[in-house]
2 protein chains.
Amino acid sequence: MHKLNGKSGCAVEVTLSVMGGTWKPIILFHLLRGRMRFSDLGRAIPSVTQRMLTLQLRELEEAAIITRTVYPEVPPRVEYELTPLGHSLEPILVSMRDWGLNYTGAAPVAEPCPLA
Amino acid sequence: MHKLNGKSGCAVEVTLSVMGGTWKPIILFHLLRGRMRFSDLGRAIPSVTQRMLTLQLRELEEAAIITRTVYPEVPPRVEYELTPLGHSLEPILVSMRDWGLNYTGAAPVAEPCPLA
DNA sequence: GCATATACTTACAAAAATGTAAGTCATGGG
DNA sequence: CCCATGACTTACATTTTTGTAAGTATATGC
């Protein structure tokens, strides 16, 4: 045997299944400040590609963490916004930001990112 | 162009670079309760393989999030423990657990995992 | 009537993560 | 002598994730 036992799945794993991965926490963190359109998110997260952004947004939408609103204009406009469930992730996202700020030296001051 | 712009790296990304991924948050969460040996962690996280557990523990050690102590016995015994830096991740891990508990219905009651 | 803008989608390719299974090491016990 | 134990390591295969680049749609302005 190489797995060490049978099954479980603790609460942390549940959370990770919803907001885990490379992009989701970052996307959600930016959305804490309010609705954003696709291109805004892309600009806020320079390292993400269109494809990844689309894929991750779709998954978050399926999980009911965000909503997607299409405005039937030309050129199209699509806005993404946290649902209440999505907003309930705020404590996690904020503590992640705080830890990162501390780790990089700074006191939890203002905006390298949304939210001072 | 397919990336949407140039560069950044916000505080959340920094945190993810240290404790992101499928296994690290779970490992760290279990270690919140105190030192554990390799086989204990394996039992606590049934879905992880020996190989993944070793790899992730090594990375956490390199990041100075945990310490690794080898007791020169036969058969060998190795214990892992959070450093102070590792302990500083507690707020993140605890809020992740809380969210998972809520999401799965329960009120934040007792131990599906370490920490009630 | 042609380019422009936005928010994608699609096909293909490369890279990264993870799994599987076997082997290693040292010693005490039978 | 042989086996068991605990914590690995190694080689290889598979799966999953991510990237690249091109294509789509449609109304508007030039």
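Below, each value reflects all heavy atoms present in this structure, side chains not excepted, and no hydrogens, waters or symmetry copies. Letters go in sequence order (proteins before strands), and every chain restarts at 1.
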Which distance, rounded to the nearest 0.5 Å, do you find between the CZ of B:R58 and the OG1 of B:T54? 6.0 Å
For A:E61 and C:dA7, give me the distance from atom CD to atom P, rounded to whole Å. 15 Å
Could you state the interatomic distance from CD1 (B:I66) to CG (B:L85), rounded to the nearest 0.5 Å? 11.5 Å
side-chain hydrogen bond (donor to acceptor under 3.5 Å, both in side chains) involving B:E61 - partner list, sequence neighbours excluded: none
For atom CG of A:L41 and atom P of C:dC8, their distance in whole Å: 10 Å
Are A:V74 and A:Y71 connected in a single hydrophobic cluster, I mean Ile/Leu/Val/Met/Phe/Trp/Tyr linked by side-chain heavy atoms less than 4.5 Å apart? no
All N/O contacts under 3.5 Å from nucleotides 4-7 of chain D to the protein, with atom names and distances to one decimal?
from, atom 1, to, atom 2, distance (Å)
D:dG6, O3', B:R37, NH2, 2.9
D:dG6, O3', B:P76, O, 3.0
D:dA7, OP1, B:R37, NE, 2.8
D:dA7, OP1, B:R37, NH2, 3.0
D:dA7, OP2, B:S39, N, 3.1
D:dA7, OP2, B:S39, OG, 2.8

d(CG, A:L53; P, C:dC8) in whole Å: 8 Å
Please determine if A:R43 and A:D40 form a salt bridge, counting it only when a charged side-chain N lies under 4.0 Å from a carboxylate O. yes
Between C1' on C:dT18 and CG on A:L16, what's the gap in Å once rounded to a whole number? 16 Å
Between the side chains of A:R37 and A:E79, is the shortest nitrogen-to-carboxylate-oxygen separation below 4.0 Å, so that they form an ion pair? no
Any donor-acceptor pair under 3.5 Å linking the side chain of B:T15 with the backbone of A:W99? no
Looking at CE of A:M19 and CD1 of A:I26, how far apart are the two atoms once the value is rounded to the nearest 0.5 Å? 10.5 Å
Please list, for nucleotides 16-18 of chain D, all pairs of protein and nucleotide N/O atoms separated by less than 3.5 Å.
from, atom 1, to, atom 2, distance (Å)
D:dT18, OP1, A:T22, OG1, 3.1
D:dT18, O4, A:R51, NH2, 3.3

